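Report on the structure given below.
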Amino acid sequence: MSVTGVAPARGGSGGSGGGAWRGFAHVSALTRRNLLQIKADPDSLFDILLMPVIYTVLFVYVFGGAVAGSQKEYVQYVMPGLMAMMAVNIAMTAGVGINSDFKTGVMDRLRSLPIHRASVLSAKVVVECGRMAAATAVLLGVAFLLGMEVPGGPLGLLGAVGLTGLFGVALLWVSVLLGLALKSPQAVQGLGMVAVLPLQFGSSVFAPTATMPGWLQAFTDVNPLSNLADGCRALINTGSASTGTVLTAVGWSLGVMLVTVPAAVSLFGRSGR
């Protein structure tokens, strides 16, 4: 076992089945390493435990009366949007972590091992997906305490969580790509904020778009975060997955991953820091 907690691969490809099994073993070992980092630094869990509570309480009680006329009605509207926003915020931290690992030399050590380069990035994504799931669970727990209902039933709620998770995975790969491409954690965080803020506030996450000016409505119509929020609302409130917004959100997610996954893996192999 190496100092990074990853067992080096031993010679030969062993066929496609053996290669697939070794790839899974590498991802598992690296995932364990990332989890041990979190265990050693439990403060890193504050964002997934506290952010959902703070966001929900602030938005519901600050904007609820003005936007929907009552906090109870606004909970029903804003919670699917907050699920989308939480996925975005958690995803943006992945790139900062990847970039920081380059600064400490950990990534150079991992790249010197006889493991598939995609396993390093995949393990990071797996752990961040777990953090995202935990944040979503806390968010929904607070929402139910504030009176959110699920007319679409359990399947509708699970569909909304799954849709958010799929979109979150796509954003994680975007964040990983930024972490590989930029020179410092501060640059990753700064560019992430610049990209995320227009998507969050120029969308239907917090308020209906009908009163927005025409140029902004045109942006919200193509904003993937609007499609995600509206798709989650449709699933939670009606249980229907046949709406265009759900399919559009799935299309955005798959399209983004189709571009960012191979780009990130290639850049990781070529990065010369």
Side-chain angles (χ1 to χ4, degrees), residues 51-52 54-92 132 135-136 139-140 142-144 146-152 156-157 159-171 174-175 191-257:
M51 279 173 51
I54 293 171
Y55 280 164
T56 304
V57 172
L58 283 180
F59 281 110
V60 168
Y61 287 103
V62 171
F63 296 114
V67 175
S70 73
Q71 281 77 27
K72 183 174 177 57
E73 290 186 17
Y74 191 59
V75 167
Q76 204 66 31
Y77 178 86
V78 78
M79 288 313 301
L82 287 181
M83 289 171 61
M85 191 182 81
M86 193 60 54
V88 172
N89 289 341
I90 297 295
M92 287 300 105
M132 196 177 294
T136 301
L139 185 73
L140 290 174
V142 177
F144 288 129
L146 295 180
M148 188 183 83
E149 299 175 353
V150 186
L157 180 61
V161 171
L163 185 64
T164 303
L166 178 64
F167 192 82
V169 171
L171 290 178
V174 172
S175 181
L191 183 58
M193 287 286 291
V194 170
V196 162
L197 282 176
L199 291 177
Q200 289 181 337
F201 290 97
S203 70
S204 62
V205 167
F206 304 112
T209 62
T211 59
M212 296 180 181
W215 61 268
L216 186 54
Q217 288 189 42
F219 174 75
T220 63
D221 287 342
V222 296
N223 184 344
L225 209 55
S226 288
N227 290 303
L228 176 61
D230 293 340
C232 288
R233 286 190 190 100
L235 289 165
I236 289 174
N237 293 322
T238 68
S240 174
S242 61
T243 62
T245 52
V246 173
L247 298 178
T248 303
V250 171
W252 268 109
S253 303
L254 297 179
V256 167
M257 282 190 283

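All of these numbers come straight from a predicted model, not from anything done at the bench.
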Would you confirm whether [X], through its side chain, and [Y], through its main-chain N or O, come within 3.5 Å as a donor-acceptor pair?
| X | Y | result |
| --- | --- | --- |
| Thr56 | Ala143 | no |
| Asn223 | Phe219 | no |
| Tyr74 | Phe206 | yes |
| Glu149 | Gln76 | no |

Quick one: list whatever passes side chain to side chain contact (heavy atoms under 4.5 Å, CB included) with Ala160, sequence neighbours left out.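 Testing Ala160 for side chain to side chain contact (heavy atoms under 4.5 Å, CB included), a comparison that skips the adjacent residues, returns Met83, Cys232, Leu235, Ile236.
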
Could you tell me which residues satisfy side chain to side chain contact (heavy atoms under 4.5 Å, CB included) with Met51, sequence neighbours excluded, listed by chain and number?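 Checked Met51 against side chain to side chain contact (heavy atoms under 4.5 Å, CB included); matches are Asp47, Tyr55, Met86, Asn89.
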
Heavy atoms only: give me the nearest [X]-[Y] pair and the separation to one decimal.
| X | Y | result |
| --- | --- | --- |
| Met132 | Ala87 | CE-O, 3.7 Å |
| Gly202 | Ser226 | O-OG, 4.4 Å |
| Ser253 | Leu166 | CB-CG, 3.6 Å |
| Thr220 | Thr209 | OG1-CG2, 3.8 Å |
| Val161 | Leu140 | CG2-CD1, 4.0 Å |

Assess the side chains of Ser204 and Asp230: does a donor N or O sit below 3.5 Å from an acceptor N or O?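 Their side chains do contain a donor-acceptor pair, which is all the 3.5 Å distance test asks for.
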
Which value, rounded to the nearest 0.5 Å, describes the distance between [X] atom [atom1] and [Y] atom [atom2]?
| X | Y | atom1 | atom2 | result |
| --- | --- | --- | --- | --- |
| Leu199 | Leu228 | CG | CG | 11.5 Å |
| Trp252 | Met257 | CH2 | CE | 13.5 Å |
| Tyr77 | Asn237 | OH | CG | 11.0 Å |

With Phe144, which residues qualify under ring-ring contact (aromatic ring centres under 6.0 Å, His included), at least two apart?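 Residues passing ring-ring contact (aromatic ring centres under 6.0 Å, His included) with Phe144: none at all.
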
